[in-house]
Protein chains: 2
Amino acid sequence: MTSPAPVPFPSDRSATAADVAQDLAAAILSHRLSPGLKLGEDDLAEIYGVSRTIVRSALQTLAHQRLVEIRRNRGAVIASPSPREAREVFEARRLIEPHVTEAAARRATSQDLALLQQHMADEHAAVAGGDRGRALALSGLFHVEIARIADQITIAEMVRSLVDRSSLIIALYWRRQSSLCETGAHHALLDAIAAGDGPLAREVMDRHLADLHDGLDLTPPEGRDVSLREALRPEG
Amino acid sequence: MTSPAPVPFPSDRSATAADVAQDLAAAILSHRLSPGLKLGEDDLAEIYGVSRTIVRSALQTLAHQRLVEIRRNRGAVIASPSPREAREVFEARRLIEPHVTEAAARRATSQDLALLQQHMADEHAAVAGGDRGRALALSGLFHVEIARIADQITIAEMVRSLVDRSSLIIALYWRRQSSLCETGAHHALLDAIAAGDGPLAREVMDRHLADLHDGLDLTPPEGRDVSLREALRPEG
DNA sequence: GGCGCATCGATTGTATACAATAAAGCCGTC
DNA sequence: GACGGCTTTATTGTATACAATCGATGCGCC
């Protein structure tokens, strides 16, 4: 299966800023683009067949989501969360997600469960197919779906944002070889939610997040190719 | 004291998108601009003495913060959070803020306390001076400062976002005549933090938020001048 | 030969011109 | 007189041209 055309949109109309932002986000979240990569406006404009106006708008959107970093007069790069930010993101997740998971366990309908199950099947398929990027992205979406099931749009958006940022963090700091693409934790989560056991679901989610956090190596410098310029900026 | 020039910036250089966004945000948060108000690009461009390019960028920023709503080909208006969104925002605040308040109580330095105290003095002054808009904005900032003291940038940003949205919610749904500008709760908060009593601080914050939520009238239609168009859109 | 400075090229920031869309006003018809 | 469709106008969406800024290259000087 050779990869198809570069731009996977409707394509009868030219791409909007939202289209470009979404496509870039998908690329970042599946680790096809790595932290630090320069995102030149002219390049993107040519790739997507739009003007720089659209590209700039898309980049601004991604900057607000903290997936890219824009430095004035210096252009945009894929964001590189600091170890501190990494820690904070996971602390925030541990504050929010166990709570919504408990709510989700109380509210989940059979339809919701089917959705989650389908999601896990997709994850499995991606892993089996060797598409680790897709597996990773789906794995993040699983968490967002749980927040959606809790029927809390506002919190679900926060979770999405944190999950997205976690993807960058994992790209930078993940140290275990295996186990990221294991779906065991998600299985346990699904079981607890299906059983309607709120407290258990909460506990499983909390441990899952702790385990994820634990898989990171947040000691900053040493060997890792952190640029000098980055290392010397304030706030680490 | 007559109000000065319309644009309160550096003014030696022309305003940037960030300047415009910040000024508009300040106007919204102090209730000088009300939900539903149309923000025409040409108008703003003339007011701030910049091109529509800058204005559009600023509006996009505010849209990401959910302070304005942009509908394609229809322009931007100050956002009107639905009753549901209002409920969700306060639920999220009750999940997050008590937690950071407890952390803040544990960590607060004498410098932090001085900052909070100054903040409260400013609030008092604004109330005394009859500037309810400024008092309201400061009152929101008080919550953000607490999150900052907890030394959690990521969560502090979430709190800021929620507090900002709360300002719109209050503009739409506040029902009590008095008491919004009372600073009693903030006083109690400051005391608990100064005492380093984390659990108490958490409890005080939780009650404060519950009280705020309780001051809202979230029954949607009836008398209130919600436009028909708005009332008939999905998701209420 | 190394350091500092000026010029050049590339890239981003801003403004403006043009195209597209949606709303409002107008007219004719029923 | 009210409804439906058309035209007009105001407003937003997009592209492009121009200005400003940054980094790099190369030169001269120490």
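In this text the structure is predicted, and so the values were computed from the model without any measurement. First the proteins, then the strands, lettered A, B, ... as listed; each starts at 1.
- Checked against salt bridge (charged side-chain N to carboxylate O under 4.0 Å, His left out), B:Asp43 has no partners two or more places apart in sequence or in another chain.
- B:Arg71 has its CZ atom 12 Å from the P atom of D:dG13, to the nearest Å.
- Between B:Leu44 atom CG and D:dT12 atom C1' there is a gap of 13 Å when expressed in whole angstrom units.
- Screening B:Arg94, B:Arg93, B:Arg87 against B:Glu91 for a salt bridge (charged side-chain N to carboxylate O under 4.0 Å, His left out) leaves a single residue, B:Arg87.
- Within residues 53-68 of chain A, the residues having any heavy atom under 4.0 Å from DNA chain D are, by residue number, A:Thr53, A:Ile54.
- One finds no side-chain N or O of B:Lys38 lying less than 4.0 angstrom from the OP1 or OP2 phosphate oxygen of C:dA23.
- Between the side chain of A:Arg52 and the base of C:dG13 there is at least one donor-acceptor pair of N/O atoms closer than 3.5 Å.
- Atom CD in B:Glu41 sits roughly 12 Å away from atom C1' in D:dA10 (whole-Å rounding).
- Looking only at distances, a side-chain donor or acceptor of A:Gln60 sits under 3.5 Å from a matching main-chain atom of B:Ser57.
- Pairing each heavy atom of A:Thr154 with each of B:Leu162, the nearest pair is CG2-CD2, 4.3 Å.
- B:Asp42 places its CG atom 17 Å from the P atom of D:dT9, with the value rounded to the nearest Å.
- Counting heavy atoms from C-beta on, the side chains of B:His213 and B:Leu218 come closer than 4.5 Å.
- For B:Arg72, a side-chain nitrogen or oxygen approaches OP1 or OP2 of D:dT14 to under 4.0 Å.
- Counting heavy atoms from C-beta on, the side chains of B:Leu172 and B:Leu168 never come closer than 4.5 Å.
- Proximity note for A:Ser51 (side chain, C-beta onward) versus C:dT14, D:dT14, D:dG23: the nearest is D:dT14.
- Positionally, the nearest nucleotide of DNA chain D for B:Ile70 lies more toward the 5' end than for the other of A:Asn73 and B:Ile70.
- Residue B:Arg74 places no side-chain N or O under 4.0 Å from the OP1 or OP2 atom of C:dT21.
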